[in-house]
Amino acid sequence: QYDSADPKYRFPKEVTFLSLYIGSHSMGGEDFKGDTYYSAMDGSLYFVPNIDSGSAFGIALSIRKKWYDNECSYTRASYDWGWGGVPDWGKVTRHTANVNIKVFPLAAAAIQPFALAGCFWNWLTVEDGKYDGQSESMENESMNGLGFNFGGGVEYYVGRVMRISGGFTWHKTFYNTISGIDLDKGLSPSGVDWYFSTGVMF
């Protein structure tokens, strides 16, 4: 996969990597402080949670060529949430499908810093986040929305068949509905992910 006649690039030809990664995830901001709820005509209440940082894991498929990398990935994060100053109302699970591009300014080195930018779609499940006005019971609520990422990190290449990576991404999400109910004002939380990953070429 490596062309020694072209020393400017470690991967002058297209190669594919499959990577697994673990890390931490956070999401908050003015919209997710745990002091807001929405009410529906049937008496139902939808609570906007205050979310702690939590753990995350995922899988990524990337195509590397010369100085850039196109990457598609899936991430699952989970954490506790609270509302009104009361912690541990339940669990939040966040699923995210990402499309990112990485740019490598030192494309021939074994250790390569990179910058990252991309977009994603995610869906969020909040355990016991809805009070149902009909059954007078707590139920799960859901949100889904689009967002974008910016970040950076460093990759270390073990030979030309394996890579080890560490980095961060700052992300912002835009939610316009809760459990299918349109919001008069959208929610736009943001946060930072830190991660470590390892991948193999095939």
Side-chain angles (χ1 to χ4, degrees), residues 20-60 72-100 116-153 166-197:
L20 299 175
Y21 56 93
I22 58 173
S24 65
H25 175 88
S26 67
M27 187 167 66
E30 290 298 315
D31 292 335
F32 271 54
K33 296 196 302 184
D35 58 3
T36 304
Y37 69 89
Y38 292 87
S39 59
M41 295 292 292
D42 63 357
S44 297
L45 302 177
Y46 299 85
F47 295 93
V48 181
N50 177 28
I51 297 176
D52 297 329
S53 61
S55 60
F57 66 89
I59 186 169
C72 297
S73 64
Y74 162 78
T75 306
R76 183 185 188 277
S78 59
Y79 19 63
D80 298 321
W81 74 278
W83 195 90
V86 180
D88 301 332
W89 277 44
K91 294 286 186 182
V92 173
T93 305
R94 185 177 192 259
H95 305 270
T96 308
N98 304 278
V99 178
N100 295 317
L116 174 150
C119 59
F120 61 82
W121 179 72
N122 83 85
W123 58 103
L124 198 72
T125 301
V126 183
E127 181 185 17
D128 292 337
K130 171 189 174 183
Y131 171 76
D132 188 278
Q134 301 295 316
S135 63
E136 299 184 348
S137 62
M138 300 301 292
E139 298 180 355
N140 294 350
E141 71 179 14
S142 62
M143 307 179 199
N144 60 75
L146 299 172
F148 57 86
N149 296 314
F150 294 104
F168 76 96
T169 56
W170 177 87
H171 53 84
K172 192 172 187 66
T173 311
F174 300 93
Y175 298 112
N176 294 312
T177 62
I178 297 182
S179 296
I181 305 298
D182 291 332
L183 303 177
D184 54 357
K185 179 184 177 183
L187 305 170
S188 55
S190 59
V192 176
D193 296 351
W194 296 91
Y195 64 89
F196 168 83
S197 74

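Between Y38 and L183, some side-chain heavy-atom pair lies under the 4.5 Å cut-off. Counting heavy atoms from C-beta on, the side chains of F148 and W170 come closer than 4.5 Å. In this structure the side chain of V48 never reaches within 4.5 angstrom of the side chain of Y46, judged on heavy atoms. Considering only heavy atoms from C-beta on, S78 stays 4.5 Å or farther from E127 through its side chain. Side-chain atoms of P49 and W83, non-hydrogen and from C-beta on, never get closer than 4.5 Å to each other. Annotation: side chain of L124 is not in contact with side chain of T93 (no heavy-atom distance under 4.5 Å).
One distance of note links OG1 of T96 with CG of N144; it measures 11.5 Å at 0.5 Å rounding. For the atom pair CD1 of I51 and NE2 of H25, the computed distance is 7.0 Å after rounding to the nearest 0.5 Å. From S24, atom OG reaches atom CZ of F168 across 12.5 Å, with rounding to the nearest 0.5 Å. Separating the OH atom in Y195 from the CD1 atom in I22 is a distance of 13.0 Å, to the nearest 0.5 Å. Distance check: E141 CD to Y131 OH gives 15.0 Å after rounding to the nearest 0.5 Å. Summarising the geometry, atom CG belonging to N122 is positioned 13.5 Å from atom CZ belonging to R76; distances are rounded to the nearest 0.5 Å.
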Subject >> Evaluation steps, side-chain contact (heavy atoms from CB on, under 4.5 Å), between F47 and V126 >> reply: CA-CA 9 Å; F47 295 93; V126 183; over 6 Å; no

**OP:** Before giving the answer on side-chain contact (heavy atoms from CB on, under 4.5 Å), spell out for R94 and T173 the whole-Å C-alpha distance, their side-chain angles and the decisive distance to 0.1 Å.
**Re:** CA-CA 12 Å; R94 185 177 192 259; T173 311; 3.0 Å; yes

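Side-chain atoms of T75 and Y21 include a donor-acceptor pair closer than 3.5 Å.
A side-chain donor-acceptor contact under 3.5 Å links S44 to the backbone of G133. In terms of modelled atom types and a separation under 3.5 Å, the side chain of W89 and the main chain of N50 share no donor-acceptor contact. Formation of a donor-acceptor pair under 3.5 Å by the H171 side chain with backbone atoms of S26 is found in this model.
More than 12 heavy atoms of other residues, nucleotides or ligands shown are found within 6.0 angstrom of CD on E139. Counting non-hydrogen atoms of other residues, nucleotides and ligands closer than 6.0 Å to OH of Y37 gives a total of 12 or fewer.
For N149, the side chain to side chain donor-acceptor pair (under 3.5 Å) partners two or more places apart in sequence, or in a different chain, are N98, N100. Annotation: salt bridge (Lys or Arg N to Asp or Glu O under 4.0 Å) contacts of K91 (sequence neighbours excluded): D80.
The heavy-atom pair separating G129 from W81 by the smallest distance is CA-CZ2, 3.8 Å.
Among pairs with a residue in residues 178-190, those fulfilling side chain to side chain donor-acceptor pair (under 3.5 Å) read D31-S188, at least two apart in sequence or across chains.
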